[in-house]
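Comments concern the structure below.
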Amino acid sequence: MAWGGGWGGGGAMFGGRGPQAGLPFGGIPSELAEEAERLLATEPEHPASARTFHQRPLEDERERLTLPKMLGRYPRMVVEGSLLVIVTSLLLQAGPLLTSLAVDRGMVGTHRSLAVVLWCSVAYLVIAVLSALGQRRQTKVTGALAARVMHDLRIRVFTHLQRLSLDFFTEEKAGVLMSRMTSDIENLQQLVQDGISSFALQGLTMLVITAVLFALNVTLALWTILLVVPLLVVFSIWFHRASESGYLMSRDRIANVLADLSESLYGIRVVTAHNRQRRNIVNHRHVVGAYRDANFYTGRVNAVYGPATIMIGILGQAMLLGIGGDMVLRHRLSLGALFAFFLYLNRFFAPIQLLVQQYNSLQQGRSSVIRLRELLETPPTVDEAPDAIDLPTIEGRITFEDVSFGYDPARPVLHHVTLEIAPGESVAFVGPTGAGKSTLAKLANRFYDPTEGRVLVDGIDVRTVTLRSLRSQLGVVPQEPFLFAGTVRTNLRFGRTGITDDEIAEAVEVVGLSELVDRLPQGLDTVVHERGQTLSSGERQLLALARAFLARPRVLILDEATSSLDLRSETVIERALDRLLEGRSAILIAHRLTTAQRADRIVVVDEGGVLEVGTPRELLERGGAYAAMHDAWLASGGRDSTRAPVTPK
Ligand code: ATP
């Protein structure tokens, strides 16, 4: 049923969506197309998941993640799969018994009978067909079960990630999270799809064979079990240990290869600029070499285990021939039973080898469950109160009331900040780099919670309102605007549902994007590649500004949104800002004083505290820190010596 899982995606591609989606899909070979169509026609419709996002986890999302609980959601499939495993493992072992029957009752002794031989062979055939059908059905059921369980899990983990707070994503490496979402979930998929059923099947097979051997002849069964099994178990345990350490080693080393690869790819510009290619290759040769050595080791372990088990099998056969043959001669064992012993002995090895291999996947699956459980049990640090209310439409008064905060509580970044921003007022935060300007802004829309003090919006503590209602009224243009895969238009629509084309056209006009849009090959429908890397950083900021404009927030937070604009765009932006800020409260985090001068008030932030507050003119007259900044700026001719400084309000 690898097919069953695979076709879900393949089916969509088959409908002709694959190539457009940009996936490397070679297409279904023409000779299989008809078969595939037929298979798809019999596939039941799988409705899209009905799960929607809730800031607070629902009852079932709060349950501890365990494999039985995940499987328990599909009891019918679990019962059917288990029954099929039992039936097929019984059916599979009927062959040697029938052979023994055919030999003893049809071929040797006094009562030879062709009819018995023929009946036995027909029964053998029928049982073989039945067990094949049973296995087919069982593979289909467990495959579908695995696909469903993994689908649920993927959505659950992703939903949880969406819920987690920003500090989590700064601490956890994106690569580690990706591996939770890919390799850990795939390990589990493997386990549910093949692992558990095959573990059960092999285990049952061994039990059935042992029982039959004892039923046939206790003495020979004891000889077989005592001679063969201990040797096999000792070797298998050695193999298990050795291959597990090899597996762990190669897992660590492939992770290094991937990390090195992704860093080199993401940092390709810096690599090229600093001529690091040669050193990068040497480094990559090291990590790839270490991975190769781990694979050599696993290869050597396999090379010992495979032939060794074959040798044990041959030893067992030699023993059976000697002891069993002697017993036949003394009439203590029938010839048919000896035949059956030979056949069963061969079948006895496969389950042990498979169990050892499956054990690894069982272990991997178990550790994946543990890692995923840890992830799912990480609570968001910025959590919505159970009785949170929807923030009504706000006027836009923002109050920082004796606020202190540290990303690491032991190292405060903000100290006792008290500040009030009136409705409709624009306030610029200025100050040296690392002073805490962005941090202060991040507290307003609850990216983080203060360690002391309160942040109020229209007099309501932000911790008492739903995050959705708060953030929908506070628009942020971040320092590094992020563009998503899609067109320019879809990126602009990001901030709110129901944005019309007319509104987009207006935003393009207001923000001064028209020139850029005209330049793009397909205008607004141009596809943005690689997080907008095909656009200049100034263009990305303009887009982010238009996005914020379209979201129509009551309060706007601009984090150095104009820092990477050229002079012409800056003029456009500054004009746009005036429109954008009309009737809105705003926090402008500005390095350049041209932007700061446009604000109603300026707040000078230094070392996590508010140093000065006032209108640009007041601060200049006061002759304090801001005036010094302004003088320095004038002395250097401003950022742009071609332009006279803006007259302060
Ligand atoms: P800039 O003008 O350079 O953007 P800023 O005044 O906006 O600086 P913040 O980004 O608020 O400064 O940073 C204030 C302090 O907090 C800095 O010392 C910074 O190193 C630290 N800091 C910022 N973000 C984090 C984070 N996610 N985790 C830990 N520390 C952080």
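Keep in mind that this is a model prediction, so the values were computed, not measured. Atoms within a ligand are numbered from 1 in the order they appear, just like the ligands themselves.
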* To do: Before signing off on this row, confirm whether R411 and ligand 1 have an N or O atom pair separated by under 3.5 Å.
  => no
* To do: Indicate yes or no: does E384 engage R463 in a salt bridge with an N to O separation below 4.0 Å.
  => no
* To do: Evaluate the criterion salt bridge (Lys or Arg N to Asp or Glu O under 4.0 Å) for residue pair R493 and D501; output intermediate values, then yes/no.
  => CA-CA 9 Å; R493 283 219 170 103; D501 283 346; 2.7 Å; yes
* **Short N-O contact, R397 and E425, less than 4.0 angstrom** => no
* Taking non-hydrogen atoms only, is V413 closer than 4.0 angstrom to ligand 1 via side chain, backbone, both or neither? -> side chain
* **T159 and Q162 side chains, donor-acceptor separation under 3.5 Å** => no
* Asked: Relative to atom 12 (O) of ligand 1, which among P432, A590, G436, G608 owns the nearest non-hydrogen atom?
  -> G436
* Within 45 degrees of the axis of the six-membered ring of F494 and under 6.0 Å from its centre: does R547 put its NZ or CZ there? -> yes
* Counting each atom of ligand 1 from 1 as listed, which ones have a heavy atom of T439 under 4.0 Å away? -> 9 (P), 11 (O), 13 (O), 14 (C)
* Tell me which one of G434, A441, G406, P412 gets a heavy atom nearest to atom 8 (O) of ligand 1. => G434
* Asked: Which option out of T433, D408, D559, V430 puts a heavy atom nearest to atom 3 (O) of ligand 1?
  -> T433
